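Scroll down for the structure; my scribbles are underneath it.
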Protein chains: 2
Amino acid sequence: MSQTDLREHVVKTADRLYYARGIQSVGMDDLRAEAGVPLKRLYSMFPSKNAIVLEVLQRRHRIWTDGVSARVATVTSPRDKLLAVYDYLADWFADDSFRGCGFINAFAEMGAVTPEVAQLAREHKESFQRFVSDLVAQAGAPADLAPQLAILAEGAQTTAAISGTTEAAGQARRAAEVLIDAAAR
Amino acid sequence: MSQTDLREHVVKTADRLYYARGIQSVGMDDLRAEAGVPLKRLYSMFPSKNAIVLEVLQRRHRIWTDGVSARVATVTSPRDKLLAVYDYLADWFADDSFRGCGFINAFAEMGAVTPEVAQLAREHKESFQRFVSDLVAQAGAPADLAPQLAILAEGAQTTAAISGTTEAAGQARRAAEVLIDAAAR
DNA sequence: CGGCTGCGAGAACGTTCGTTCTCGCTGAGT
DNA sequence: ACTCAGCGAGAACGAACGTTCTCGCAGCCG
């Protein structure tokens, strides 16, 4: 296993554990055991647990962005592209491991105490807002629509996380349809 | 200071610290220092930190419920009552100490590890859903509208928390207007 | 005035955690 | 075969935390 593959393996494992249990509940020894990588090696690859956390969040941002972009790319009309975001959420919510937005979770846990985490969460959400804004612009809809659609997506994520059900995706999607159609006229 | 007043003082102080810094970042000694109550007394009033956390969440639920109910009661038309929810959010977001929904934060931090916290978060959100559902029913709007409005409120809270701005309340309010008016016809 | 009860201050304890250190093995180079 | 650098396993360390214990003082009852 190459150096970069191992690094990816560690970050991926850390992401799974942090997301499932919360960052603070996962010790370096848990990560060592789960990843099968000696503690010494972990510390030769990363200077601290905090560095791992930040890399986990950056990776999670890439995967989310790629995933939603790919989903949006499967349809052609601007309206369908906007709605595809909620279909992506629906699939995500149905995943057994779903436990809300990892950035909101990380922000809640460490945002007040670790500024880098708060910063990454902010960047992630800004990136999503820009993504939606671009789609809204492509649809020729007024710019006001974008933050409304983003808020629906955010709300669906926390609602699904806490309720443990997947309905919020469909509910947000139907609300989005109404908002898009109302903005179009 | 009476026994019950002291208990309230401790829970209120704990709430302020937990909300501002995150529950896990606040030790019993921090709480002792901030509340000015000896550790021994804390442990004579509460069996454990966890018990304090649960009581903090229950109190927070009461205050939130009372606050939003009071705000809704200041207007008369069913439509205004629904929109008053977002005005309440706007005021809350403008508070310097605002740092998102305490239940979402607690859930993110401890939900996976402390089932009672997950349970209280679920109950809080269900209670809010019922509250909105009642208002929707009073407005004579279709029941589908309620979860959509609730999702907007949830999304506004996390968006405001992470962005650090208050705009999300107004954006959610305007989206709600569109949804309500679309449902009314 | 003397003894007893209750409480405040803070030390102490046991555990957990992030991080570092020790030690012994392995395996490549000569 | 010998050496030595590098690595894995796990012990060790220092700090932080939740919880309990000790001790000494204050205040009340006799």
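The shown structure was predicted, so the numbers you read here are calculated from the model rather than taken from an experiment. Every chain is numbered from 1 and lettered A, B, ... according to where its sequence line falls, protein lines coming before strand lines.
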Open item on the list: Whether the B:N50 and B:S48 side chains hold a donor-acceptor pair (N or O, under 3.5 Å, no angle test) is what I'd like checked.
Closed with: no

Task: Over-ring placement of A:R60 relative to A:F103, 6.0 Å and 45° cut-offs - done: no

Task: Rounded distance in Å - CG (B:N50) to P (D:dC17) - done: 16 Å

Open item on the list: Just the rounded figure in Å: distance from P of C:dG18 to CD of A:Q24.
Closed with: 9 Å

TODO: Write down the distance between CG (B:L42) and P (D:dT20), rounded to a whole number of angstrom.
DONE: 13 Å

Task: Close side-chain approach of A:F46 and A:V11, heavy atoms under 4.5 Å - done: yes

TODO: Record whether the side chain of A:K49 comes under 3.5 Å of the base of C:dG18 through a donor-acceptor pair of N or O atoms.
DONE: no

Task: d(CG, B:L31; P, D:dT19) in whole Å - done: 12 Å

TODO: Find the distance A:R32:CZ to D:dA11:P and express it as a whole number of Å.
DONE: 11 Å

TODO: Quickly work out the A:F46 CZ to C:dG18 C1' distance and round it to whole Å.
DONE: 15 Å

TODO: Take the protein atom NZ of B:K40 and the nucleotide atom C1' of C:dG6, then report the distance between them rounded to whole Å.
DONE: 7 Å

Open item on the list: Counting C-beta onward and ignoring hydrogens, is there a side-chain heavy-atom pair between B:R32 and B:L42 closer than 4.5 Å?
Closed with: yes

TODO: Output the single nucleotide from C:dA9, C:dT19, D:dT20 whose closest atom is nearest the side chain of B:P38.
DONE: C:dA9

Task: Note, A:D181 side chain near A:R79 side chain (heavy atom, < 4.5 Å) - done: yes

Task: Side-chain N or O of B:R41 closer than 4.0 Å to phosphate OP1/OP2 of C:dC7 - done: no

TODO: Ignoring the backbone of B:L39, work out which of D:dT20, C:dT20, D:dG8 is nearest its side chain.
DONE: D:dT20

- [ ] Specify the separation, in whole Å, of atom CG of A:D29 and atom P of D:dA12.
- [x] 15 Å

- [ ] Using a heavy-atom cut-off of under 4.0 Å over every strand shown, decide if B:S48 touches base, sugar-phosphate, or nothing.
- [x] sugar-phosphate

- [ ] Go through C:dG18, C:dC23, D:dG18 for me and flag the one nearest to the A:M28 side chain.
- [x] C:dG18

TODO: Answer with base, sugar-phosphate or nothing: what part of the nucleic acid does B:V26 contact at a heavy-atom distance below 4.0 Å?
DONE: sugar-phosphate

